[in-house]
Amino acid sequence: MEKQYDPKGIENKWHDAWTENKLFVADEKTTKPVYSVVIPPPNVTGILHMGHALNNTVQDIIVRHKRMSGCEVLWVVGTDHAGIATQNVVERQLAKEKLTRHDLGREKFVERVWEWKTQYHATITSQLKRLGTSVDWSRERFTMDEGLSAAVRKVFVSLYNDDLIYRGKYIINWCPRCRTALSDEEAEHKDSKGKLYHFKYPLADGSGHVTVATTRPETMLGDTAVAVNPTDDRYRYLIGSHIMLPLVNRKIPIIADDFVDKSFGTGAVKVTPAHDPNDYAIAQRHYLKPIIIMDEGATMTGPIPDKYKGLDRFACRKEIVADLTALGLVDTIEDHDHAVGQCYRCSTVVEPYYSDQWFVKMAPLAAKALAAAKKNTITFYPERYKKTYTDWMENIRDWCISRQIWWGHRIPVWYCDECKAVIVSETDPTICTHCDSTKLRQDNDVLDTWFSSWLWPFSTMGWPQHTDLYKKFYPTTSLTTAPEILFFWVARMLMAGIYCTKQLPFTDIVLHGTVRDKSGRKMSKSLGNSIDPLDVINVNGADALRFSLMMTTAQGADVYLSPDTFEIGRNFCNKLWNAARFVLGTIPEKVTITALPPVFRLDGADIWMLSRLSKTIAAVESALQTYRHNEAARLLYDCTWHDFCDWYVELKKADLYQTEDAEKQADARALCIHVLGTLQKMLHPFMPFIIEEIWSHLREKITYNNLIDAQFISCASFPKSNKDQINDAIEAEFTLVQNVITAIRTMRAENNIPPDKKGTAKIVTATPSDLASLTAHKARIEHFAKLTSATIGADLVRPSFCASSIVAGNQVFLELEGLIDKQVELERLAKEIARTQSLIESTQKRLESPAFTGKAPAEVVAKEEEKLCGLKSNLEKLNQSLAALH
RNA sequence: GGGCGCAUGGCUCAGCUGGUUAGAGCGCCGCGUUCACAUCGCGGAGAUCGAAGGUUCGAAUCCUUCUGCGCCCACCA
């Protein structure tokens, strides 16, 4: 093994080995308990970013842990066709060739996208592989593959027949650049600084004017009324009279509607039914006909003055303002901050647009999904997202599912040109079911990409067929994703799952944070602040990336990354590597271990280590079960680095290197192997590559069936905590030993004593059990504190001149001829005395308060009393030491 | 406008159901290359836990208000 861990080569080697041995291929005939999850399918034309790295690391940890815990695991992998996003990518590419999709035509264009899909697909999947995700590649799916497409059609038809899908003319969010409808969720509202324009609309009878306020002046060309609140005394007398709409010279009525807020703006609202959802609602109530003044590219059109025709909406806005100004009809223009909807794929400002679209009626579907959350059959991690979810569900609105693009599942609806019948069918009809005509036209639109995503947990397993896979692995258990897509995807999957399969598709929803840069900005390509996970993998390895991510963030909290974040993982990999290198180096050729040494051959340090290990196993298991992966990572990091490497390995070196007592040496070796191996098993879900590599080295030299129980660690058993090994008394004893050693080291360091200068120590013990404990570890104290000898006893005489320290009541005196600096000691003692005194004061104060002694539990009071007693004794000893120095 | 989250040493964060002398990593300072690891070891300095109230014998931890930052939702033109 090399001196430093180098992930290059190793990662690919193990990935290939896992694949060849089909380790992650789920067996649908298994008799084991099953565990399944589905990956949030990445956009097929996407590239791996830190969010993916985080998301997939979390899932991989869950899945590998379950696999090692005896479950048959299915992790479904696949990609999403991502309708608008992918179409945009390809259209942009076409633009470079000076082509539009219309130049190619629908069929050729879709072909072209498929080509792109094939090419990009390789990118994202190879990137997922490099992360180490243990997905079942043999069952990879794509949202537009045959099976999933069949599922989409099945669900569409079924919802239509159940009266849960309808078509109609409504105001929807429209992206003029993508030229398609969007759902409410796809229009992102971002705060922006705009203007509120106040226009004077002349009354038709010339008797004055009404001032209206708008943020979108261009829409005035489509105004069909001015609305006021019926209770507004300022305008009540005008209700029923008319306005002469400037520039277009159309006579429009003044109407009364409760929607109008008297206190906002002027209290008079211009009504543009075709281009504003509220205005549309008002118009519905007042039987006003919408006048469309923009086309699908948000270019001005319709019954408007010619000079505005063909203008872009924003250019037109300027013109309108200029023209109204010229007419003296602009009252004021003020700054106005408001949230403007933007297309989530291209950030173009969305335009409310009046058009024919398909919708899913959501309320009936939401009812059951809401009930599941309320009955706690769904658990959110962290819990607070439950409220976000239920709030959304309770206020759910119908879902616009038709998109005016070409890449996606074409809506399975046909219109008969002869009899105008509407045919909704899972299979392509050839003749009209009503009039036998063959003149059928399929609906031009495709479905929202999320209409296939919401079926993902079961469509990927073969549904609507009751395949063996579906029967065995559906429903899944946990679903891990970012909170951003709680509504887009998670909520909808729950609804679809209940509707289609009568079951919740998963019960645990694990939401991790958003990946941000150091200054808190979301990492994104457009901001240029993203750290490419592949760069990190290339430099530090996938394991370092994964482990660092897990160490950096608490459950559900956002992840703030800087380039040096990944040193945590890199350094830890190296530490592990070297720990293994060391342990392996102590094995001459091969070794067979049948069991741990019997208890009577274990000393305090061994029992301490095994106790720490068992506690760590239990804590890790519990952290993993509640998806607190950072907690598990931290526990493993601490136990590996600080307990095992810093103390235990150092302690056991004496036994490992000594050759006189072969049994002792073998015992030490077995114990080190046991602890290291156990830690590595737990670390494997976090850092699969390096551990698999180390595991292979262990396997080469060691036979130890209780530990090394599989060819690949991916298939080995996850450690189980052994209650019998937990020993708090021994842990406390060893902690005392550690603290004594540290105290002596501190005294040495503060006195600047060179490492080669050894000293002697006298330890005056506080209790008989401390005497026993310290005496048992006497040799170690001498070795680790660099002493020629330590004398331990209850009644030792204080040396005349020495450095001194108190450890849990035990006095530690360090003698080093001519090397102890009196001044240093005086300062340290003074500081220590001051600290002790202030502690005594506060403790005494507490104990003197009858409120405390009367109301606090007896054991808490007793503890305080004990503390005070100890502190007082410490103070006395410190003062003695001070006196002795003088 | 409604909801949620975060404010802990120079930096990045832990701290789960209230009771420790408030932890870690990075950075900093000192010492160190004896044979696992300088991507290392040993030691140290550095925090009145955003502010003000409150509950409690006791609060970083619970409640209220405030300030700052962030996120989500929402049809005030």
Side-chain angles (χ1 to χ4, degrees), chain A residues 1 3-5 171 189 196 212-216 219 227 259-261 263-266 268-272 276-281 336 338-339 352 382 384-385 387-388 391-392 395 483-484 486-487 513-514 516 518 520-522 540 544 551-558 560-562 564-565 567-568 570-586 622-623 626 628 630-631 634 637-638 642 645-646 649-650 653 657 742 745-750 752-756 784 835-836 838-839 842 846 849-857 859-861 863-864 867 871:
Chain A
M1 287 170 83
K3 193 168 167 184
Q4 283 189 356
Y5 173 61
I171 296 262
H189 289 270
L196 188 62
V212 297
T214 181
T215 54
R216 295 186 297 149
T219 61
F259 169 79
V260 180
D261 180 350
S263 63
F264 187 88
T266 61
V269 185
K270 57 188 272 314
V271 179
T272 321
D276 185 278
N278 298 315
D279 294 3
Y280 179 75
H336 182 66
H338 61 149
R384 70 183 123 93
Y385 283 106
K387 183 171 160 53
T388 311
D391 285 354
W392 185 77
N395 299 297
E484 288 110 272
L486 191 56
F487 306 142
T514 306
R516 299 177 183 283
K518 239 178 162 177
R521 296 176 310 172
K522 193 166 164 175
N540 302 301
M551 281 288 276
T552 311
T553 176
Q555 181 179 74
D558 286 350
Y560 296 85
L561 295 177
S562 68
D564 53 345
T565 303
E567 286 180 15
I568 302 170
R570 183 200 59 174
N571 294 355
F572 187 53
C573 282
N574 197 243
K575 190 71 183 175
L576 267 175
W577 181 254
N578 275 289
R581 197 159 77 96
F582 169 75
V583 172
L584 284 163
T586 65
S622 139
T626 46
R628 286 177 291 125
N630 69 313
E631 172 80 0
R634 212 205 74 233
Y637 181 91
D638 285 345
H642 298 123
C645 292
D646 287 352
V649 167
E650 294 303 325
K653 276 180 179 172
Y657 284 136
T742 301
R745 282 171 172 172
T746 304
M747 288 188 273
R748 296 184 59 104
E750 289 190 345
N752 249 317
I753 292 160
D756 57 329
F784 280 83
R835 211 169 66 105
T836 309
S838 87
L839 274 171
S842 62
R846 201 169 308 158
S849 151
F852 174 72
T853 48
K855 292 191 179 173
E859 59 177 57
V860 173
V861 177
K863 217 167 136 189
E864 285 297 303
K867 189 169 108 190
L871 285 167

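Predicted, not measured: the structure shown is a model, and the values here were computed from it. A, B, ... follow the sequence lines: proteins, then strands. Residue 1 opens every chain.
- Nucleic acid contact for Asp646(A): sugar-phosphate only, since backbone atoms but no base atoms lie under 4.0 Å from a heavy atom of the residue.
- The residue Glu484(A) sits apart from the nucleic acid: no heavy atom pair falls under 4.0 Å.
- Scanning atom types as modelled, no donor and acceptor separated by under 3.5 angstrom connect the side chain of Gln555(A) and the base of A14(B).
- The CD atom of Glu859(A) sits 13 Å away from the P atom of U20(B) (whole-angstrom rounding).
- Comparing C37(B), G43(B), A77(B) by their nearest atom to the side chain of Arg581(A) picks out C37(B).
- For the pair Asn630(A) and C13(B), the criterion of a side-chain N or O lying under 4.0 Å from OP1 or OP2 is not met.
- Across U39(B) and A47(B), the matching P atoms stand 30 Å from one another, rounded to whole Å.
- For the atom pair Trp577(A) CH2 and Lys3(A) NZ, the distance stands at 14.5 Å (nearest 0.5 Å).
- Between Thr553(A) and C13(B), a side-chain N or O to OP1/OP2 separation shorter than 4.0 Å is absent.
- One C1' atom belongs to G30(B), the other to C49(B), and the distance between them is 29 Å to the nearest Å.
- Checking C40(B), C75(B), C4(B) against the side-chain heavy atoms of Asn571(A) singles out C40(B) as nearest.
- Among the nucleotides C72(B), A38(B), G3(B), the one closest to the side chain of Asp391(A) is G3(B).
- Residue Thr514(A) places no side-chain N or O under 4.0 Å from the OP1 or OP2 atom of C71(B).
- Along RNA chain B, the nucleotide closest to Ala579(A) and the one closest to Thr853(A) are compared, and the more 5′ of them pairs with Ala579(A).
- Nucleotides C26(B) and G9(B), compared at atom C1', are 13 Å apart to the nearest Å.
- Within 3.5 Å, a donor on the side chain of Lys653(A) pairs with an acceptor on the base of A36(B), or the reverse.
- Put simply, NZ on Lys863(A) is 18 Å from P on G58(B), counting in whole angstrom units.
- A77(B): no Watson-Crick or G-U partner with both key distances under 3.5 Å is found in any strand.
- At the heavy-atom level, Cys645(A) lies under 4.0 Å from base atoms of the strands shown.
- With C1' as the reference atom, C29(B) and U34(B) are 26 Å apart, rounded to whole Å.
- Checked against C37(B), U12(B), U21(B), the side chain of Leu839(A) finds its nearest nucleotide in U21(B).
- Within the nucleic acid shown, Phe259(A) comes within 4.0 Å of at least one base atom, counting heavy atoms only.
- Considering only side-chain N and O atoms, Lys867(A) lies under 4.0 angstrom from the phosphate OP1 or OP2 of U21(B).
- Separating the P atom of A60(B) from that of G68(B) is a span of 25 Å, rounded to the nearest Å.
- Between the SG atom in Cys573(A) and the CG atom in Asn540(A) there is a gap of 8.5 Å [rounded to 0.5 Å].
- For the atom pair Lys867(A) NZ and Leu871(A) CG, the distance stands at 7.0 Å (nearest 0.5 Å).
- Using modelled atom types, one side-chain atom of Arg748(A) and one backbone atom of Pro754(A) make a donor-acceptor pair closer than 3.5 Å.
- Both Ala339(A) and Tyr657(A) lie near RNA chain B, and the one whose nearest nucleotide falls closer to the 5' end is Tyr657(A).
- Using a 4.0 Å heavy-atom criterion, one finds that Arg835(A) contacts the bases of the nucleic acid, with or without backbone contacts as well.
- Looking at heavy-atom distances under 4.0 Å, Lys270(A) makes no contact with the nucleic acid at all.
- Pairing partner, A7(B): U67(B), with both Watson-Crick or wobble hydrogen-bond distances short of 3.5 Å.
- Checked against U39(B), G43(B), C72(B), the side chain of Thr388(A) finds its nearest nucleotide in C72(B).
- For Lys653(A) and Thr586(A), the side-chain atoms include no donor-acceptor pair closer than 3.5 Å.
- Across A77(B), C42(B), C31(B), the shortest atom-to-atom separation from the side chain of Arg745(A) is found for C42(B).
- Residue Pro352(A) is out of contact with every strand shown, counting any heavy-atom pair closer than 4.0 Å.
- When distances are taken from the side chain of Ile568(A) to each of G5(B), G25(B), C57(B), the shortest belongs to G25(B).
- Taking a pair to require two hydrogen-bonding distances under 3.5 Å in either a Watson-Crick or a G-U wobble arrangement, U33(B) remains unpaired.
- One finds no side-chain N or O of His189(A) lying less than 4.0 angstrom from the OP1 or OP2 phosphate oxygen of G1(B).
- Spacing between atom CD of Glu631(A) and atom C1' of G15(B) amounts to 9 Å, rounded to whole angstrom units.
- Nucleotide G27(B) is matched to nothing when pairs are restricted to Watson-Crick or G-U wobble geometry with both distances under 3.5 angstrom.
- The residues Asp276(A) and Arg216(A) are annotated as salt-bridged, a charged nitrogen and a carboxylate oxygen being separated by less than 4.0 angstrom.
- Across all strands shown, nothing is found opposite C16(B) as a Watson-Crick or G-U wobble partner with both distances under 3.5 Å.
- Considering all non-hydrogen atoms of both residues, Met747(A) and Ile753(A) come closest at O-CD1, 4.5 Å.
- For the P atoms, the distance linking A38(B) with G46(B) amounts to 31 Å, nearest Å.
- Within the shown strands, nothing qualifies as a pairing partner of A47(B) under the Watson-Crick or G-U definition with both distances less than 3.5 Å.
- Geometrically, Lys575(A) does not engage Tyr5(A) in a cation-pi contact, judged by NZ or CZ lying under 6.0 Å from the ring centre and within 45° of the ring axis.
- Comparing the C1' positions of C69(B) and U8(B) gives an interatomic distance of 16 Å, to the nearest angstrom.
- Considering only heavy atoms from C-beta on, Met551(A) stays 4.5 Å or farther from Phe572(A) through its side chain.
- Between Phe264(A) and Val269(A) the shortest side-chain heavy-atom distance does not fall below 4.5 Å.
- Set against C72(B), A14(B), G43(B), the side chain of Ala749(A) has G43(B) as its closest nucleotide.
- Nucleic acid contact class of Arg570(A) (heavy atoms, under 4.0 Å, all strands): base.
- Using a 4.0 Å heavy-atom cutoff across all strands shown, Arg216(A) reaches no nucleic acid atom at all.
- Taking only side-chain atoms of Asn752(A), from C-beta outward, the nucleotide of C37(B), C73(B), G30(B) with the closest atom is G30(B).
- Of the candidates G19(B), A77(B), C16(B), the closest approach to any side-chain atom of Asp261(A) belongs to A77(B).
- Below the 3.5 angstrom threshold, one finds a donor paired with an acceptor across the side chain of Lys575(A) and the base of C37(B).
- Separation of the C1' atoms belonging to C75(B) and G1(B) is 12 Å when rounded to the nearest angstrom.
- Summarising the geometry, the separation between CZ on Phe572(A) and P on A38(B) is reported as 17 Å, rounded to the nearest angstrom.
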